[in-house]
**Q** 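Pasting a structure here, questions to come.
Excluded from the calculations below are hydrogen atoms, water molecules and symmetry mates; all remaining heavy atoms, backbone and side chain alike, are included. All residue numbers in this chain count up from 1 along the given sequence.
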Amino acid sequence: PLVALSPDGSTLACIPTSAGGEASTSILRVLLFQVESGTLQSTLTHRNKPGETTSPLSNPLKVFFVSSEVLVVLFSDKLFSWDLNRGVIAHRIHTKSPTQSFHDACGAQETVFVLVAASDTSKVQVLKYSTTTGKLERVIKAGKGGGASGLGMADENLIVRSEDMVRIMRLSDGKKICKCSSLEETNAGDQNLSICQNMIATISQDQIVLINVKSGKKLSSVPLDKATTTSARTSFDLWKQNNTNLILAEGEKLHQIDVHSGKVQKTWNCPMDGSLERQYRMGHSNSVIALLYKNGQYQVVSESLSGAGNDVVLSWKSPEDTKTEDSDSKQTQKRKKAQAGAGSQSTILGPGETGGEALISEGPVSKKSKMEQDLEDDDDDDQDAGEENPTVGERLQLLQQALDEEEDSDNDNEGGEDAETALEHGIPGFAPKQATTESLGKVLEQGLQSGEDKLVELALAVRDRTTLTETCEALSDDLLPGLMNALTTRMAAKGGRAAHLCIWVSVLLKSGRIKSIAHLQPLRNLIQERIEVFPDLLQLEGRLSLMTQAD
C-alpha cells in the first residue's frame, strides 16, 4: 500500500496518483498529513533531471516509516531513504543486477531490511542497510523460490512470507527459528503480511491466519470479509490497541484480537463510502485512521473505538463540516480559558462568542449589571437615532478595500483616501487609521486565536517593517507557528503575494523564536517546489516570446 503511519501515529504519508491511477514517471511526491488535524503538513518532492538516464518513478511498491525522522519509498529496482528533518533524500539504494527485484521492505530505528529475489537463481535474500550511511551491512539467506511476497519485523525476529510458508529468523545471526507451512500461495506484491508484537497476520486463500512469532504455530483464523472484492481490499493492518488486545483491519471489518490466544473478542463494521474513489484504513492505539480520496483531493479522518457501537463510520467531511468542527473546538477552548481566568484578568472573546462583536470582558457579569448595561445601550440608541453605525463586517470590508486601493501608494496618504472610501460607501464618521504596533498586535492575535481569516488578512496587509518587528516580538510563542503557516498557505495559493508576505517571513525568521524545523518544513517544501518548476516556466516563457515575435 502507498500509505504509511509514523510510529507515534502523528503523521500519515501517502504517495498520490493521477486521475488515471498512475503515478508520474519523472516526479515522485509524498504527502505528509498531520493526523490530529487532518491537514496537509508538507509535500516531499523528488524529480528525475532532464536527460538523466534513470528508471522511472512510477509504480512504487511501498512507503513506510523507519522512525519519525526517516521515511522509505520502495520500488522494484530501487529504494529512497528520506531525511524528514532536512526534507531531502539521504540515500538511494539500487538492485545489484537486472535479474534482481525488490519485493518488500521494513525497518526500525536506523536499519532497513529489503526482501530481494533473483529470477535467474530463484534465491531469496534479505539485505540489511543502514539508514545513517546507506551502506549494505549484511546479506541474510531466506530460502529459494520466486514467490517471496512479504517481509516484517517483530522484536528480535525477521519474518518472510515466501510462497506457501512463513519463515521466522533471528535478526542477530539470520538463522531460521521456525516456520509455518501449509499456507495457500499468494501473488508477489500483494499485501498479505502484517505483524504486531508477537503475532503475525497473513492471508491464505479465503481467510486470515494468525501465527505466534515465537513458536510459528497457528493460533486461529479469521474469515476474509466477503463483502469486499479483492480489488477493493485496500485495508489490511494489525496494530496494538492496549496491553491485552490487538486490532485487525481487513476490508470493511475491524476485529479485536486477544494478544495471547489470537481469538476474536469483538468485531466492528466499518462500511466503505461508495462516493469515494479510494480509501485506506489503518490505526494507532485506540483510534482508526482513514485516508480518503475524492475528486482529486485527499482527506485524513480518524475515529476512536472507545464507546463505539457496532459501526465505525469514517466518511468524507465537507469544508463546512470541517470549519464548523474547528470553530466549535476553538470556541470551546476559549470558553474554558475565559472561565478559568474570569475575574482575574481581561479576556479577549472571539467573534460570535457573546452573540455580537468581540469585546474585552473584565470578569463575570451579574444580572443587575447586565440589565443596567441594556438600559444604557437603549439610551445610547435613542441619542444616536438617525446615525448609521457600521457593523464589524462592514468595517472589515471597508478596511480591506482601503488597503487594496492603497497597495501601490505611499503610506502617508492612507488616512485621507481611506476616509474617502468610507464616505463613498455611505458610512459617515468612519475612517481607518494607520496601524500601530498595539492595534496590529490585537487584530493579529485575535485573528490567529479565533481562526478568523479576515482579521489575519487585515493584519498581513501592513508592510512597515518596524511595526511588524515590534508586533512579532509582542506575540506569544504559541501563536508564531500559526502565523508562519498562514503566511506559507497564502504564498502557496497566490504566488504574486510573496513579495509582500516575505517581509513578514523575514521578520519572523530574524526574530529567532521559531526553533522547530517542523514549523518551517512547509515553507521549505514550497520554496523547493517553486525552484523545481522554475526551469520549465523559463522554457515556456521563451516559447511564448518566440510565438509572439513570430506573429
Side-chain angles (χ1 to χ4, degrees), residues 1 3-14 32-39 41 65 68 154 194-201 208 210 219-220 222-225 227-228 233-273 276 279-292 298-318 320-337 339-340:
V3 181
L5 196 64
S6 62
D8 59 0
S10 63
T11 305
L12 185 145
C14 165
L32 298 180
F33 293 89
Q34 187 179 20
V35 173
E36 183 178 0
S37 63
T39 57
Q41 183 178 6
F65 286 88
S68 298
S194 187
I195 303 166
C196 182
Q197 288 189 323
N198 66 331
M199 192 172 297
I200 304 169
I208 300 172
L210 301 176
L219 296 176
S220 63
V222 180
L224 283 176
D225 179 21
T228 306
R233 181 167 282 109
T234 57
S235 300
F236 183 67
D237 191 26
L238 183 68
W239 72 88
K240 177 182 176 181
Q241 182 186 23
N242 50 46
N243 293 330
T244 58
N245 295 314
L246 306 177
I247 298 294
L248 173 65
E250 186 276 317
E252 298 187 14
K253 301 290 185 181
L254 296 173
H255 304 285
Q256 186 184 59
I257 308 293
D258 182 85
V259 71
H260 301 293
S261 65
K263 295 182 179 179
V264 176
Q265 305 294 316
K266 184 177 181 180
T267 299
W268 293 274
N269 294 317
C270 194
M272 298 282 187
D273 188 343
L276 301 176
Q279 47 200 318
Y280 185 84
R281 287 150 189 178
M282 59 193 66
H284 182 267
S285 186
N286 203 40
S287 297
V288 184
I289 302 165
L291 176 71
L292 311 179
Y298 287 91
Q299 190 176 99
V300 175
V301 297
S302 61
E303 291 290 341
S304 174
L305 293 176
S306 298
N310 294 326
D311 296 332
V312 178
V313 180
L314 298 162
S315 58
W316 185 271
K317 295 182 180 180
S318 63
E320 291 77 13
D321 296 337
T322 305
K323 186 174 181 180
T324 300
E325 290 182 0
D326 292 343
S327 177
D328 292 343
S329 176
K330 290 176 180 177
Q331 299 292 357
T332 301
Q333 293 177 2
K334 290 177 68 64
R335 289 192 190 96
K336 291 181 179 179
K337 291 181 180 179
Q339 292 172 0

**Q** When the side chains of residues 240-249 are checked against the rest of the protein, which donor-acceptor pairs come out under 3.5 Å, sequence neighbours left out?
**A**
unit_1: K240; atom_1: NZ; unit_2: N243; atom_2: OD1; d: 3.4
unit_1: Q241; atom_1: OE1; unit_2: Q256; atom_2: NE2; d: 2.8
unit_1: Q241; atom_1: NE2; unit_2: N286; atom_2: OD1; d: 2.7
unit_1: N242; atom_1: OD1; unit_2: T244; atom_2: N; d: 3.0
unit_1: N242; atom_1: OD1; unit_2: T244; atom_2: OG1; d: 3.0
unit_1: N242; atom_1: OD1; unit_2: N245; atom_2: N; d: 2.8

**Q** List the atom of D237, the atom of G283, and the distance in Å for their closest heavy-atom pair.
**A** OD2-N, 3.6 Å

**Q** Can you give me the closest heavy-atom contact between L238 and M199, atom names plus distance?
**A** CD2-O, 3.8 Å

**Q** I need the E250 CD to R281 CZ distance, nearest 0.5 Å.
**A** 11.0 Å

**Q** What distance do C270 atom SG and D311 atom CG have between them, rounded to the nearest 0.5 Å?
**A** 9.0 Å

**Q** Sequence neighbours excluded, which residues qualify as side chain to side chain donor-acceptor pair (under 3.5 Å) partners of S261?
**A** D258

**Q** About how many Å separate OG of S10 and CD of Q41, when rounded to the nearest 0.5 Å?
**A** 7.5 Å

**Q** Once side-chain contact (heavy atoms from CB on, under 4.5 Å) is applied, do any residues pair with S220, and if so which ones, sequence neighbours excluded?
**A** L210

**Q** Can you confirm whether K266 is buried at NZ, in the sense that more than 12 heavy atoms of other residues, nucleotides or ligands lie under 6.0 Å from that atom?
**A** yes

**Q** Measure the OG-CD distance between S315 and E303 for me, rounded to the nearest 0.5 Å.
**A** 7.5 Å

**Q** Any side-chain heavy-atom pair from I257 and L219 closer than 4.5 angstrom?
**A** no

**Q** Only one of D8, L12, L5, T11 clears side chain to side chain contact (heavy atoms under 4.5 Å, CB included) with F65; which?
**A** T11

**Q** About how many Å separate CG of L224 and NZ of K253, when rounded to the nearest 0.5 Å?
**A** 12.5 Å

**Q** How close do M282 and W239 get, counting heavy atoms only, and between which atoms?
**A** C-CZ3, 3.7 Å

**Q** If you measure from NE2 on H260 to CG on N198, what distance do you get to the nearest 0.5 Å?
**A** 7.5 Å

**Q** I'd like to know whether CD of Q265 has more than 12 heavy-atom contacts from other residues, nucleotides or ligands below 6.0 angstrom.
**A** yes

**Q** Would you please test V288 and W268 for side chain to side chain contact (heavy atoms under 4.5 Å, CB included) and show each step?
**A** CA-CA 11 Å; V288 184; W268 293 274; over 6 Å; no

